[in-house]
Amino acid sequence: MQPSSMRRFVALLCAVLPAVAFQPADVRADSDSEIVARINQYIRQGWADNEVTPSETADDAEFARRASLDIVGRIPTYTELTEFIE
């Protein structure tokens with residue numbers, strides 16, 4: 001995912017996730033897998049609504065690099081990267 005795509009995706013998540021209203025009783029009644037499936041459904045709908053195509057799955061090191069570049073503005077240090085991967 002290019003940095004601009006990541007920013008768009010993060011903005012999309014910030015817009016979509018607060019709109020997902022889970023009632024405490026619903027959360028207790030739903031299994032973890034049902035909650036994850038519901039969140040994934042909202043994210044996929046956000047992608048479709050905004051005509052965003054997700055990139056292929058990144059490994060942990062690539063994800064850490066991309067997220068660090070987008071959030072902090074630099075690649076992670078060796079120590080930060082190894083701590084994340086462990």
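Starting from 1, each residue takes its place in the sequence as its number.
- Across all their heavy atoms, R65 and P76 have their closest contact at CA-CD, 3.8 Å.
- A search for side-chain hydrogen bond (donor to acceptor under 3.5 Å, both in side chains) contacts involving D49 returns Q45, not counting sequence neighbours.
- Note: N40 CG to I35 CD1 = 12.0 Å, rounded to the nearest 0.5 Å.
- Sparse packing is recorded around CD1 of I75, with 12 or fewer heavy atoms of other residues, nucleotides or ligands lying under 6.0 Å away.
- Of all non-hydrogen atoms in W47 and P54, the two that sit nearest each other are CZ3-CG, 3.5 Å.
- To the nearest 0.5 Å, atoms CG (L81) and CD (E86) are separated by 10.0 Å.
- Annotation: D32, atom CG; neighbour count of heavy atoms from other residues, nucleotides and ligands within 6.0 Å does not exceed 12.
- Hydrophobic clustering keeps I71 apart from F63 (ILVMFWY residues linked when any side-chain heavy atoms are closer than 4.5 Å, directly or through intermediates).
- Side-chain N or O atoms of N50 include one that pairs as donor or acceptor with a backbone N or O of G46 at under 3.5 Å.
- Using a distance-only test at 3.5 Å, with no hydrogens or angles considered, a donor-acceptor pair links the side chain of E34 to the main chain of S31.
- Partners of E80 according to the salt bridge (charged side-chain N to carboxylate O under 4.0 Å, His left out) rule, which considers only residues two or more places apart in sequence or in another chain, are R74.
- With no hydrogens or angles considered, no side-chain donor-acceptor pair links T79 and T77 at under 3.5 Å.
- Within the 4.5 Å cutoff, no side-chain heavy atoms of E62 are placed close to those of S55.
- Checked against side-chain hydrogen bond (donor to acceptor under 3.5 Å, both in side chains), T57 has no partners two or more places apart in sequence or in another chain.
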